[in-house]
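Chain letters run A, B, ... following the sequence lines, proteins first and then strands; every chain starts at 1. Worth saying up front: this structure is predicted, and the values here are computed from it rather than measured. Computation of the quantities below employed the complete heavy-atom set of this structure, encompassing side-chain atoms and omitting hydrogens, waters and symmetry-equivalent molecules.
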2 protein chains.
Amino acid sequence: MMSENTEKPIVLVIDDESEIRRFLRVSLSASGYEVHEAATGEEGVTRAALLRPDVVILDLGLPDVDGIEVLQRLREWSHVPVIALSARHGDADKIAMLDAGANDYLTKPFSVGELMARMRAARRNAQPAPESSVMQVGDLRIDFASRAVTVSGAPVKLTKTEYALLHLLAENAGKVLTHRQLLRGAWGPEYENETHYLRVYMGQLRKKIETDPNNPRYIMTESGVGYRLIG
Amino acid sequence: MMSENTEKPIVLVIDDESEIRRFLRVSLSASGYEVHEAATGEEGVTRAALLRPDVVILDLGLPDVDGIEVLQRLREWSHVPVIALSARHGDADKIAMLDAGANDYLTKPFSVGELMARMRAARRNAQPAPESSVMQVGDLRIDFASRAVTVSGAPVKLTKTEYALLHLLAENAGKVLTHRQLLRGAWGPEYENETHYLRVYMGQLRKKIETDPNNPRYIMTESGVGYRLIG
DNA sequence: GCTTTGCGTGAAAAACGCGTGAGAAACGCG
DNA sequence: CGCGTTTCTCACGCGTTTTTCACGCAAAGC
């Protein structure tokens, strides 16, 4: 494959603010990453093509091209995990970013610890997926082949739609799925604005698989954005 | 395993022409095979179930059932190598036969030498076939070889379609089979939307194999999705 | 501080899928 | 040809699932 175990993982930072780049260069290098940088979107795409990085950190507020476009061009040929950075305001950008295929996002300011945790998660879930057909998260166990779900061994009965949602979340464990993505996946493209469906069904799902539905351990909600199954 | 090294290899000849049977009996016996015979397709399937032969020689031109069907029924529970014999020269038969799971094909007339060479080849390539050919779930017992179904010892009479469905379910015990899969499997691809057939037949099946058809223990329905045999 | 926005909840209404019985049509066998 | 069996068709009742709606609450924005 790529530089998996033999070398340091390569991370490409695409951001026009030099302070941020410097900050990330220092902290990520110290943690064992090989850090490369690009100051513009154009340069970012080019460098990514040459470098084949293991993970990309992409700022939305680029001067030349929109972050979305950078991501789209990246996705035309690569499945590299991408973590989006956004300045506080603007849910719309974040959502567009996730819809376009970003794996996760962070709002500035952020802590290095959190960033690195998300990078690990993104890389972990970006595996070529030799899909073992059964996944386990904590006490939650999903057998995709038999379509069976259990919580600490006890079988859970899910309806068609509930299972469809959980399946989507599980396939992308650790990754934020936008409302739109979930609705498209479980109901179809023509439902992508019926976000209230999600509230109802996430509630039902939690009631069935969470021990304490008020403090969810598995299905986390990303306010204004979507939902995520921990992974 | 079966009678591999310790005994003579057993060969079952299914052919309605007595001269061919005699010819094969003489020549194969002389070469160290234990030869058994069946004159009809029906008898052939039955004898194969009892004998567990190491190789089967199957004529296509049988009076009662089509050779293809004999082969299909054999393949429902066994991986025994089958060599097809045919008087016809058409490619169509050949293809159909091989599609149905025959290992090789000979057109009459043929030489004993060639037949035996192909038998050796077929046996060499044969799978270890760990198939037990009979499955038991609770009180329900299905013998794929003889197509016999019993509930707590009592034999149950199933129609062709009922058995086809149960067979599908049993092959995938524990997994959910979608309406579409069941309909394709039991009726054919052009029936994949006739979900009401399933309701009728699942009802009949349950009436025959469930002690309490209202609270099924074996055939579970997954609403909006399909059915599943517990396992 | 007040308004806005999004999330979670419960409960009712509507839609859907399932099981059933019974009759018609097709088939298989003598 | 005639009979019994099997498959197909249909319509009804019922339980489940989906959809809709209104409200309380909390966090974010002005």
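- A:Arg141 and A:Ser152 share no donor-acceptor pair across their side chains, judged by distance under 3.5 Å alone.
- Salt bridge present: A:Asp104 and A:Arg228 bring a charged side-chain N and a carboxylate O closer than 4.0 Å.
- Sequence order on DNA chain C of the closest nucleotides to A:Val225 and A:Lys207 puts A:Val225 first from the 5' end.
- Look at CD on A:Gln204: it is 13 Å from P on C:dG8, rounded to the nearest Å.
- Distance CE (B:Met202) to P (C:dC18): 11 Å, rounded to an integer number of Å.
- Put simply, A:Tyr201 has no side-chain N or O that comes within less than 4.0 Å of OP1 or OP2 on D:dT20.
- The distance between atom NE2 of B:His196 and atom C1' of D:dC10, rounded to the nearest whole Å, is 9 Å.
- Side-chain polar atoms of A:Glu222 and A:Tyr105 form a donor-acceptor pair below 3.5 angstrom.
- Between A:Glu114 and A:Arg118 there is a salt bridge, with a side-chain nitrogen of the basic residue lying less than 4.0 Å from a carboxylate oxygen of the acidic one.
- A:His179 has no side-chain polar atom (N or O) that falls below the 4.0 Å cut-off from OP1 or OP2 of C:dG6.
- An angle of 40°, rounded to 10°, separates the two end axes of the helix from C:dG1-D:dC30 to C:dG30-D:dC1, each defined over five pairs.
- When distances are taken from the side chain of A:Arg206 to each of C:dC7, C:dG19, C:dG8, the shortest belongs to C:dG8.
- More than 12 non-hydrogen atoms from other residues, nucleotides or ligands lie less than 6.0 angstrom from NZ of B:Lys208.
- Using a 4.0 Å heavy-atom distance criterion, A:Thr161 is classed as a sugar-phosphate-only contact.
- Among C:dG19, C:dC7, D:dT9, the nucleotide with an atom closest to any side-chain atom of B:Arg199 is C:dG19.
- Side-chain nitrogen and oxygen atoms of A:Tyr197 include none within less than 4.0 Å of the OP1 or OP2 phosphate oxygen of D:dC21.
- Not one side-chain nitrogen or oxygen of B:Trp187 sits closer than 4.0 Å to the OP1 or OP2 atom of D:dT7.
- For B:Val200 and B:Leu158, each mapped to the nucleotide of DNA chain D holding its nearest heavy atom, the one lying further toward the 5' end belongs to B:Leu158.
- Between B:Thr159 and D:dT5 there is no side-chain N or O to OP1 or OP2 distance below 4.0 Å.
- Taking the ring centre of A:Tyr163 as origin, the terminal cationic atom of A:Arg147 falls inside the region bounded by 6.0 Å and 45° from the ring axis.
- Between B:Ile57 and B:Leu12, every side-chain heavy-atom pair lies at or beyond the 4.5 Å cut-off.
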